[in-house]
Amino acid sequence: NVPVHAIGIGHEEIEEDLELQEVTLPGQALPGTILAARVAVRHDKPGQARLKIYDNDNIIMSHDLELDEGNNISTAWIDIPVSDTGYRHLRFSLDPWEGEQVTENNQQSRVVNVKEEKYKVLYIEGEPRWEYKFIRRAMDKDQSIDLVSLLRVSQNKFYRQGISSPDELVEGFPLTKAELFKYNALIIGSIEAASFTPEQQQMVHDFVSERGGSLLMIAGLNGLGNGGWENSLLYEALPARLSQSSGKFIREKAKVELTAAGLHSPMLKFDQDINNNRKAWQELPEIADYQLIGELKPAASTLLTIDVNGETHPLLVNQPYGRGSSYIFATGGTWRWQMSMPLEDQSHETFWRQLLRELVIDTPGRFFMTSQVTGDQISIKSEIRDENYEPERELKLTAIVTPQTGEAMTVELHPSQDIPDLMTGEFRADTSGLYDIETITRRDDEPIASARMAIYHDAGKAEYFSLRANHMLLQQLADATGGRYWNQDELDE
């Protein structure tokens with residue numbers, strides 16, 4: 001019950017100032033992929049700004065940004081190819097405008113972990129078909145993805161490919177959570193929901209919501225609405241309201257088109273140049289078939305569409321669900337890209353490799369760790385789960401933080417007051433540079449497992465951002481507490 005009297009000092013607009021307000025990009029990537037970075041620039045007049053991107057101290061690209069008139073925040077997408085493995089310190093820097101007083105807010109740094117890691121994808125298909133054959137062929141040379149497949153050849157009998165041991169999937173589709181949850185992504189093709197027991201359907205639902213895996217449903221004669229998936233226990237996880245009446249599998253050609261969201265998706269990049277990429281998609285042959293998937297759910301995003309007699313229908317859609325995400329690809333006919341184009345063309349292979357890489361890259365492991373920066377205070381958050389991805393509550397966690405300069409420090413993690421399954425700890429970062437964080441789990445005094453990450457912190461830089469006066473916020477603060485807001489010219493009162 002303390003009234004706050006707020007005094008607003010400063011300008012709401014600073015025309016000569018540029019601020020690199022935000023840089024958003026994935027924290028990890030696979031070698032040979034393209035990072036899609038979204039940058040937001042604050043400005044109070046239109047114009048052009050040059051953004052330079054450095055890998056450590058080496059400039060890797062520059063990009064001219066158009067700052068819109070009428071908006072004080074302009075955004076842009078920038079593609080950054082990554083190849084070498086390890087922690088990559090990427091620095092984004094705006095060239096200052098003439099007369100700019102404060103340039104500390106022109107820069108932001110991010111760390112990306114480019115890791116050479118094997119991910120496992122399980123693909124179950126209900127019938128031998130061209131799409132299955134060409135997907136497997138496309139993934140044969142990808143060293144980052146183990147594609148394990150079950151192809152139904154007769155009732156309750158499956159042909160296994162890509163297995164790592166004779167015992168893997170010997171009983172067909174997994175019967176336990178532990179068996180299913182060791183995969184990072186799941187693809188379900190032309191196979192009906194009735195082929196899965198209620199327990200298996202619930203497991204697939206939990207695979208997305210609890211394990212944080214990715215699910216991709218592919219159209220087919222027995223897939224999606226034709227396969228009765230709208231009545232299955234995993235229906236809530238899907239991005240569309242499937243309809244058996246309108247979801248017939250149609251064996252007719254259709255032209256694929258990119259949406260605005262798809263244009264900036266890293267998994268749909270045939271070329272880093274936005275215009276060349278759009279042209280590459282326009283030149284693709286028609287797909288061989290399609291399936292209508294009904295109304296999309298509120299959280300769904302459409303990445304690809306098809307044109308059917310002048311009507312636009314969603315083809316590739318996705319949505320977040322729980323800890324994971326789900327996709328629907330409403331065709332089984334991308335194999336025509338391979339068959340109708342020159343032998344040396346890699347469009348089909350590139351599409352499927354990038355799609356599967358996108359499915360797996362952000363799936364959490366059993367030992368999951370993130371960080372959050374508030375000023376110069378850095379918090380570490382970690383979750384530990386067993387083979388069923390149930391929280392492990394008996395383990396102790398210790399983080400070893402090694403700054404780029406200075407001595408290492410030890411941070412003990414404790415259960416969060418708000419989320420008991422989340423372990424948290426924090427430390428103060430007094431110097432700028434790279435911070436290597438290794439979190440070790442222990443049962444009593446015996447180490448069990450460890451996880452690592454790295455962040456870059458600019459100590460003392462937070463005060464240079466949000467320079468403009470926020471009179472509206474100060475007014476709300478005063479009103480909410482029973483105080484008064486004072487303008488700068490009212491100080492004599």
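Computation of the quantities below employed the complete heavy-atom set of this structure, encompassing side-chain atoms and omitting hydrogens, waters and symmetry-equivalent molecules. For clarity, every value in this text was computed on a predicted model and none was experimentally measured.
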Show every donor-acceptor pair shorter than 3.5 Å between a side-chain atom in residues 52-63 and any protein atom, with sequence neighbours excluded, or say none if there are none.
{"residue": "D55", "atom": "OD2", "partner": "R88", "partner atom": "NE", "Å": "2.7"}
{"residue": "D55", "atom": "OD2", "partner": "R88", "partner atom": "NH2", "Å": "2.4"}

Please list, chain by chain and in numerical order, all residues satisfying salt bridge (Lys or Arg N to Asp or Glu O under 4.0 Å) with [X], sequence neighbours excluded.
X    : result
D64  : R50
E22  : R110
E463 : none
K120 : E168

Original post:
Do Q28 and K115 pass the side-chain hydrogen bond (donor to acceptor under 3.5 Å, both in side chains) test, and can you show the C-alpha distance, the side-chain angles, and the key distance before you say yes or no?
Top reply: CA-CA 7 Å; Q28 55 189 18; K115 52 186 182 178; 3.0 Å; yes
**OP:** Identify, with sequence neighbours excluded, every residue that meets side chain to side chain donor-acceptor pair (under 3.5 Å) alongside N318.
**Re:** none
In a table with atom names and distances, give each donor-acceptor pair under 3.5 Å that connects a side chain of residues 417-426 to protein atoms at least two apart or in another chain.
{"residue": "D421", "atom": "OD1", "partner": "R393", "partner atom": "NE", "Å": "2.9"}
{"residue": "D421", "atom": "OD1", "partner": "R393", "partner atom": "NH2", "Å": "2.9"}
{"residue": "D421", "atom": "OD2", "partner": "R393", "partner atom": "NH2", "Å": "3.4"}

Compile the donor-acceptor pairs under 3.5 Å between side chains in residues 285-293 and protein atoms, sequence neighbours left out, one pair per line.
{"residue": "D289", "atom": "OD1", "partner": "T331", "partner atom": "OG1", "Å": "3.0"}
{"residue": "D289", "atom": "OD1", "partner": "G332", "partner atom": "N", "Å": "2.7"}
{"residue": "D289", "atom": "OD1", "partner": "G333", "partner atom": "N", "Å": "3.2"}
{"residue": "Q291", "atom": "OE1", "partner": "G220", "partner atom": "N", "Å": "3.1"}
{"residue": "Q291", "atom": "NE2", "partner": "G223", "partner atom": "O", "Å": "3.0"}
{"residue": "Q291", "atom": "NE2", "partner": "G247", "partner atom": "O", "Å": "2.9"}

Quick one: list whatever passes ring-ring contact (aromatic ring centres under 6.0 Å, His included) with [X], sequence neighbours left out.
X    : value
F368 : none
H264 : W77
F92  : none

Subject >> Whether E257 side chain and D307 backbone form a donor-acceptor pair below 3.5 Å >> reply: no
Original post:
With sequence neighbours left out, what residues match F465 under side chain to side chain contact (heavy atoms under 4.5 Å, CB included)?
Top reply: E19, N105, Q108
Original post:
Considering residues, nucleotides and ligands other than H11, do more than 12 of their heavy atoms fall under 6.0 Å from its NE2?
Top reply: no
Subject >> K461 to Y456 six-membered ring, cation-pi geometry met (6.0 Å, 45°) >> reply: no
